[in-house]
Amino acid sequence: MDLFRDLNPSQREAVTYLGGPLLVLAGAGSGKTRVLAHRIAFLVAGASVAPYEILAVTFTNKAAGEMADRVRGLVGDVASGIWMGTFHSICARILRIEAKKYGLMPNFTIYDEHDQHLLMKQVLKDLGISDGCITPASALSRISGLKSNLVTPDELEEYASSPYDLRFVEIYRAYEKALHNNNALDFDDLIVIPVRLMKRLPEVLQRYATRFKQILIDEYQDTNKAQYELVRLLSGYHRNVCAVGDDDQSIYRWRGADITNILNFENDFPDAKVIRLERSYRSTKTILAASQAVIKNNRKRKPKELWTENEVGNKLLVAMVGDEQAEGIFISDKIEELRESQGHAYADFVVLYRTNAQSRSIEDSLRRRAIPYVIVGGVKFYERKEIKDIIAYLKVIANPRDSVSLLRIINVPNRGIGDVTIRRIKEFASSRGLSISDVLNSLTDIETLTTGQRQSLMKFADMLAELRQKAKASSVPELIAFVAERSGYLAHLKKQGTVEAISRLENIEELVAGAYEFEERSQEPSLAKFLEEVSLIMDIDLWDDRRDAVSLMTLHNAKGLEFPIVFIAGAEEGLLPHHTSLEDEDELEEERRLFYVGLTRAKKMVFITMAVGRRTFQGWMPQTGSRFVAEIPVEFIEFEDLTQPAGGMSDDTWGSDMVITKGARVKHPDWGVGRVIACDGYGKHLRLLVRFEGGITKRLLAHYANLEILDDADGFY
DNA sequence: TACATTGCGATCCGT
DNA sequence: TCGCAATGTA
């Protein structure tokens, strides 16, 4: 078997070790994905482990798909039997099987953040809390923190030390009860409930713990307490757990990830074997050295020495720019320049940033240059109003007790069921301890309703019954199309006829198309499974990496990826590190890890931009360079100050209304004759990208560079 | 009860 | 800048 040919000795050891708990400390670019894929292949083909006895946890759904492909490539089609996916998708799978033991129907709904918010608002309202001290968001954030640490309301009550805490216990309890009444779960529950079930019911624990002879977990540094506990429980019987991770790349502390899970692995599993992968195959020597110099400033880390046999490569270019627009222009210039001079494809580039809001100015300049790009995150498909509406119909069809979704669509499109009507049925339902759905089936009992209100509700209830009937006999895509039609949603949009409405119609069509694709791909194309997939989908899962386009994403989304050329935008104090992290040493270290993750995505080149100021929603903010950039030794950096004019001529030599267009031929005293590849800005800010005949490409501020225009059909000045 | 308007508040990262 | 919540109007 050729399984080991391409592996170095440490990798090979990690792939073949069968002596119990194994921790693989895998530095950036050290080939951990390959190790995981080969290990799975080895277990199946070389260690007689059946595919269904393997559990492989990946960080994204996309990574699970790619892992399956790689395994398939190594040992053929056995991957489909392996339980492979994110913690959330694997737990959802377990819960579908075990839901009843927890008092849940298997058709439970998964509430996303928005649904949670609506539910919590109702909870706070019911408890009579409206003082503004506790907002739905703050309550949910605290509850999420508690859940990821497996703290129940009862446990919290034991330790509650203030009246405030006690009141919070009530909120937590009421929220849990509300979820239960809706036969719904939040994201944290997906992990927490299986853990509780396994702790409470030995037969459940035994079923899974004996089944999974081999457990593999990727990105172990970003597991939280609940996930850790799940791993501990599941691996308790066979004790074969292989955790792969890098403490330097732990970037989800804010979401409850506990870096001590990896730092203490050897305490938790005293007989654990530890293998270090310290040879990097990804980055140049320069990039690797620069990133190591930065991360060494973190105190809470396992010491490690990464090395590489790769070439030395270019220095990192740090560019100081005037503002976010100049930053975008610099990035687009560089991309065109490198494409032109080195034949790079668009797909070789990624632009990374700390916050999604930063993408706008970069997108603007890419669009102006007609540079193709794909953006990860931002306005999400499944969060668009029309998609959420249709999905809400589906959720109500699948789970009648889901009142959050039901209330979302009860009057969308308008069908004469207004606030007053809704309030009356809510009151009736809560006074009798019924769900809204129950009440819809006994409308004649509600005496407070007017005849008109009752009629509207009856029509709605009839429609729901019809949709449920249809659901029994149709595939998911057929059902979606039927829902959109029968609910009046399509007619409602068509009537509007606006550009926006048309785009919404197109999105609904795309949803149907997506459902057809789901149907072909899925082994179990049920409505419940579809809703589960839609609920657990991640931005990065939707990333289309086959298009020749520049990628734009947050540093968080870049985890696990690599690109020949990486831009890190907005390397400024307050942005990276983010201002919310400046007070706390641990959070600052996490920001440093984030910067480290950004640097180590690069194979060939890194460009870092810092703006001297930015326009935010508050107005103009002067910015200073990131401390993390200052931590890179100067010998690895080339610095370029683009806030200063290129020098040459005084203001009045050239008019400020000069225009030069793409394709123009120009002459420069130093570099000779060249052609304009791209231009941006206007007047004094007109910037040119000029490729000179000597092969040099330069970025110039046209107004200041001593240029002579030789030939420009459209240009004038 | 439905729809338009205004105004405000929030914004880090995301299952 | 945007989305949502409260307010106003038909």
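Order of the sequence lines sets the chain letters (A, B, ...), proteins ahead of strands, with each chain counted from 1.
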Regarding A:Asn411, tell me which of base, sugar-phosphate or nothing describes its non-hydrogen contacts under 4.0 Å with the strands shown.
sugar-phosphate
Sugar-phosphate only, base, or nothing, as touched by A:Ile191 at under 4.0 Å among non-hydrogen atoms:
nothing
Rounded to the nearest Å, what distance is computed from the [atom1] atom of residue [X] to the [atom2] atom of nucleotide [N]?
X: A:Leu185; N: B:dT15; atom1: CG; atom2: P; value: 18 Å
X: A:Gln325; N: C:dT1; atom1: CD; atom2: P; value: 11 Å
X: A:Arg384; N: C:dC2; atom1: CZ; atom2: P; value: 14 Å
X: A:Lys147; N: B:dT15; atom1: NZ; atom2: P; value: 18 Å
X: A:Arg615; N: C:dT1; atom1: CZ; atom2: C1'; value: 13 Å

Just verifying a value: how many Å separate A:Lys225 NZ and A:Leu150 CG, rounded to the nearest 0.5 Å?
5.5 Å
What nitrogen or oxygen pairs link the protein and nucleotides 11-14 of chain B at under 3.5 Å?
{"residue": "B:dC12", "atom": "O4'", "partner": "A:His578", "partner atom": "NE2", "Å": "3.0"}
{"residue": "B:dC12", "atom": "O2", "partner": "A:Arg354", "partner atom": "NH1", "Å": "2.8"}
{"residue": "B:dC12", "atom": "O2", "partner": "A:Arg354", "partner atom": "NH2", "Å": "2.3"}
{"residue": "B:dC12", "atom": "N3", "partner": "A:Thr580", "partner atom": "OG1", "Å": "3.0"}
{"residue": "B:dC12", "atom": "N4", "partner": "A:Thr580", "partner atom": "OG1", "Å": "3.2"}
{"residue": "B:dC13", "atom": "OP1", "partner": "A:Asn356", "partner atom": "N", "Å": "2.4"}
{"residue": "B:dC13", "atom": "O4'", "partner": "A:Arg354", "partner atom": "NH1", "Å": "3.2"}
{"residue": "B:dC13", "atom": "O2", "partner": "A:Trp254", "partner atom": "NE1", "Å": "2.8"}
{"residue": "B:dG14", "atom": "OP1", "partner": "A:Thr554", "partner atom": "OG1", "Å": "3.0"}
{"residue": "B:dG14", "atom": "OP1", "partner": "A:Asn557", "partner atom": "OD1", "Å": "2.9"}
{"residue": "B:dG14", "atom": "OP2", "partner": "A:Asn356", "partner atom": "ND2", "Å": "3.2"}

Are A:Phe108 and A:Tyr102 an aromatic pair, judged by ring center distance below 6.0 Å?
no
Residue among A:Lys395, A:Lys388, A:Arg408 satisfying salt bridge (Lys or Arg N to Asp or Glu O under 4.0 Å) with A:Asp112
A:Lys388
If only side-chain N and O atoms of A:Gln453 are considered, is one of them under 4.0 Å from the OP1 or OP2 phosphate oxygen of B:dT1?
yes
Polar-atom pairs under 3.5 Å, protein N or O versus N or O of nucleotides 3-6 of chain C: list them with distances, or write none.
{"residue": "C:dA5", "atom": "OP1", "partner": "A:Lys121", "partner atom": "NZ", "Å": "3.2"}

Identified stems (criterion: three or more consecutive Watson-Crick or G-U pairs, under 3.5 Å), DNA chain B:
B:1-9 with C:2-10
